[in-house]
Amino acid sequence: ADIPWAVKVEDKVKYDAIFDSLVPVNGLLSGDKVKPVLLNSKLPVDVLGRVWELSDIDHDGMLDRDEFAVAMFLVYCALEKEPVPMSLPPALVPPSKR
Amino acid sequence: QFPTGSSSTNPFL
């Protein structure tokens, strides 16, 4: 479905800047590079584990630019006390992954 | 129940 992506353009720009600051290799960030950033949110590790599961859409243990944006979006939602969903809502699936 | 995911690809598990 061509539902608009839940991640707003201005947020995506912000997430991309963080993504690039973590020095992606072949456009991918490994878990150990992303982990400190997500831990910085002070969210419980089990919540971050769920954020990772939902954002690592191809389950390759790495996050690409879009997957990283999904992870950041879920972290910000959790910080605003929005519970992390059990499954990725269709609106959150990056257009590149549909 | 949420799939706990595999620790091999999840740095938090």
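Labels below follow one simple rule: chain letters A, B, ... track the order of the sequence lines, proteins then strands, and each chain is numbered from 1.
- A/Leu28 is not connected to A/Val37 by any chain of hydrophobic side-chain contacts under 4.5 Å among Ile, Leu, Val, Met, Phe, Trp and Tyr, and they are in different clusters.
- Scanning both residues, B/Pro11 and A/Gly31, for their nearest heavy atoms gives CG-CA, 3.7 Å.
- Rounded to the nearest 0.5 angstrom, B/Asn10 CG and A/Lys35 NZ are separated by 9.0 Å.
- Using modelled atom types, one side-chain atom of A/Trp52 and one backbone atom of B/Thr9 make a donor-acceptor pair closer than 3.5 Å.
- When the side chains of ILVMFWY residues are joined at heavy-atom separations under 4.5 Å, either directly or via intervening members, A/Leu38 and A/Met62 end up in two distinct hydrophobic clusters.
- Within a 6.0 Å radius of NZ in A/Lys97, more than 12 heavy atoms belonging to other residues, nucleotides or ligands are found.
- Side-chain heavy atoms closer than 4.5 Å link hydrophobic residues (I, L, V, M, F, W, Y) into clusters, and following such links, possibly through other members, connects A/Tyr15 to A/Leu48.
- Rounding to the nearest 0.5 Å places CZ of B/Phe12 at 5.0 Å from CG of A/Leu39.
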